[in-house]
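Chain naming here is simple, since letters A, B, ... match the order of the sequence lines and numbering starts at 1 in each.
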Protein chains: 2
Amino acid sequence: MSQPTTDPRPTLEAVAARAGVSRATVSRVVNGSTGVRKSLAERVRRAVEELGYVPNQAARSLVTRRHDAIAVVVAEPETRIFADPFFGLQLRGISKELAAHDSQLVLLLTEGPDDYARVGRYLAGGHVDGALAFSLHLDDALPGIVRATGVPTVFGGRPYWSDTRRDVPYVDCDNRGGARDAVRHLVALGRTRIAHITGPLDQTSAVDRLDGYREVLAGADPRLIEECDFTSAGGERAMRDLLDRCPDLDGVFAANDLSAAGALRVLRERGLRVPEDVAVVGFDDMLHVAEQTDPPLTTVRQDIEGMGRLMARLLLHGRDRGQPPGTVVREAPGAEPAPVVTQTTLVRRASA
Amino acid sequence: MSQPTTDPRPTLEAVAARAGVSRATVSRVVNGSTGVRKSLAERVRRAVEELGYVPNQAARSLVTRRHDAIAVVVAEPETRIFADPFFGLQLRGISKELAAHDSQLVLLLTEGPDDYARVGRYLAGGHVDGALAFSLHLDDALPGIVRATGVPTVFGGRPYWSDTRRDVPYVDCDNRGGARDAVRHLVALGRTRIAHITGPLDQTSAVDRLDGYREVLAGADPRLIEECDFTSAGGERAMRDLLDRCPDLDGVFAANDLSAAGALRVLRERGLRVPEDVAVVGFDDMLHVAEQTDPPLTTVRQDIEGMGRLMARLLLHGRDRGQPPGTVVREAPGAEPAPVVTQTTLVRRASA
DNA sequence: TCGCCCGCGGGGAGCGCTCTCTCCTGTGCG
DNA sequence: CGCACAGGAGAGAGCGCTCCCCGCGGGCGA
């Protein structure tokens, strides 16, 4: 590892020699052959094939200043990458999109100030063409650090400062709209005492979902809102507190599926039937969770992998928009960096 | 993105000029200052600081043929990266270790033959110093492809062909030993009809755990073994089948926590008490699962993050071994590439 | 005192590629 | 039939860095 790989890899020169042309011609053929006679191009291609030539990315980067690589920066991975499949799915979407553009994915996981400095240095070092950044918490320094490097960046999830600075390209699902749909569904079911188990309110997704709830249920009893943390254990606790406080509640909108699952357990434990006595709606349509709760969870689906793809696309294409039809709800009109908010869909199962 | 980043980054030359020395001297200072007078080195360091100089990795790689980057190749991510935190934790360990060595992590997710070819090309292109490969299934072509590129590689989990070819560096936990411990624990509890819910038997981890079970319970009733798939839904199904077949069973060793959780649900559903009527042991000590089942799951813990670190370390250090004391159970004696098998520990909770 | 050796610092080549500039060839038109 | 022009191919200059090799100077032994 410390010593260089023994490296008899053929160079452009070698290919050129074999094809009987100049380096320049080979180069032209290798990167999109414009203005090279067909016969020659073919000969070059054959030489490339025979020699198993692969361009040296380092040499290429040196002159082009492009790297065909983007960084994915994740703040505090313990929070999300491990607890739920959310980040993995997003990563998958990103990976697919990058692969389609022959770009590499450099993963930078951070878990503290030291790491932040390291990431800042790396990004500032100009080793990548852009960055996709994930940060969940309001007070997280990472977004600022990433922005400070000047590297083109797209954020995953609405950053909390997107309110004050509008020049922030991000991709997020329509948390607020999804929450509205969820609550409206409960209302349509005739529920009148609808509680909300929130997510951690230092995350915009949780805040936006709460806003959506409030929007539909303006003037709702504040005791029906219980702050929670997106975990199933938290959901259990929250549900208990809510039931103790408001035994008459007949609907619950949980800010994510995990806390909904916790809530369901407590409801059953208390002998309440779902959905007859209490209807429950979650959020995320999380893999391996929403379908397997008892009863299966009605929830708000977001296309997580699609959001990942979108982030990558936004970063790679910069200006030219190529979102899959139907997913885009809103775009900042004309503004340079365009936040993209993707639609959610209510998935009806048995719990509401 | 398509156009190069505007790049007024200072070069070695600039630093040299500012410090009043030659490029070579600056280079020496930048990469571990050997043989440079202290005063000069200090002056250089100041110049670096003032100019905010960051070495151009591309230029450096071009001449050194090192990249300070390793690839993490994951076959069929849908299988694992999303369903459970296993891979995320391992990634975290890898990331930490790489960060400590100033190496970058290039993530290559694959999900089909096209991707395999792409990955093969990338690795063969010599863009990274080494690779860490994860592949689960017996018939997966990825390991072969990775090996064929000649890039130094460490595998995550014992590859199935490690039996026939011993020159395979991999890191895995002691699946067999852990399984033995689990089953012996059940035996020590006085259980005599101990069932086993296996994992998918095209994965070595599942096979090894089954072997461990068999090793302790030689000649066990084969009807006590039910093949399953590492999912909780599968665990439910398996448990039902087992109970239908052998209503007198009094112990269950599930090949992972997820299937154990499913089994627990079915046991409760059937009115069987855990651990009084049936004692249950899982495997993995999976985050957010083992502690939250009802009752909390006795299980076999593996240090997943540690295994990630170990993989990275093995790859980076090559020959010089620096494992944390205590974790290493076995190493191929003297052989070049050393498989590392990490110890597991039985975590006793309420289920057995 | 002189010479030699050693240690520090500098000069310069060149890693493999792209890209501009120039040259050459072939074609079409006057 | 000659000339101009266009388009295709080659030569060459670096991109920023490392590292080899050499030169210079100081210290020490003869």
Could you work out which one of [options] sits closest to the side chain of [X]?
X      : options                   : value
R28(B) : dG10(D), dC17(D), dG10(C) : dG10(C)
L12(A) : dT18(C), dA9(D), dG10(D)  : dT18(C)
A59(A) : dG9(C), dC17(D), dC17(C)  : dC17(C)
A24(A) : dC19(C), dC15(C), dG10(C) : dC19(C)

Can you see which heavy atom on [X] is nearest to which on [Y], and at what distance?
X       : Y       : answer
R158(A) : D172(A) : N-OD2, 2.9 Å
V44(A)  : V15(A)  : O-CG1, 4.2 Å
V54(A)  : H127(B) : CG1-NE2, 4.4 Å

Start at the 5' end of DNA chain C and walk down; is the nucleotide closest to V63(B) or to K38(B) reached first?
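Result of the comparison: K38(B).
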
Would you say a side-chain N or O of [X] is under 4.0 Å from OP1 or OP2 of [N]?
X      : N       : result
R37(A) : dA9(D)  : yes
N56(A) : dC15(C) : no
T64(A) : dT18(C) : no
S22(A) : dA11(D) : no
S27(A) : dT18(C) : yes
R65(A) : dT18(C) : no

Rounded to the nearest angstrom, tell me the gap between atom [atom1] in [X] and atom [atom2] in [N].
X      : N       : atom1 : atom2 : value
R60(A) : dC17(D) : CZ    : P     : 21 Å
L62(B) : dC15(D) : CG    : P     : 13 Å
Q57(B) : dG16(C) : CD    : C1'   : 16 Å
N31(B) : dC20(D) : CG    : P     : 13 Å
R66(A) : dT18(C) : CZ    : P     : 11 Å
H67(B) : dT18(D) : NE2   : C1'   : 14 Å
E13(B) : dC17(D) : CD    : P     : 9 Å
D68(B) : dC17(D) : CG    : P     : 14 Å

Carboxylate-amine/guanidinium contact E49(A) R46(A), below 4.0 Å
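Not counted as a salt bridge, because no side-chain N and carboxylate O are separated by less than 4.0 Å.
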
Would D68(A) and S103(A) satisfy side chain to side chain donor-acceptor pair (under 3.5 Å), going step by step from the backbone distance to the final call?
CA-CA 5 Å; D68(A) 293 322; S103(A) 251; 4.6 Å; no

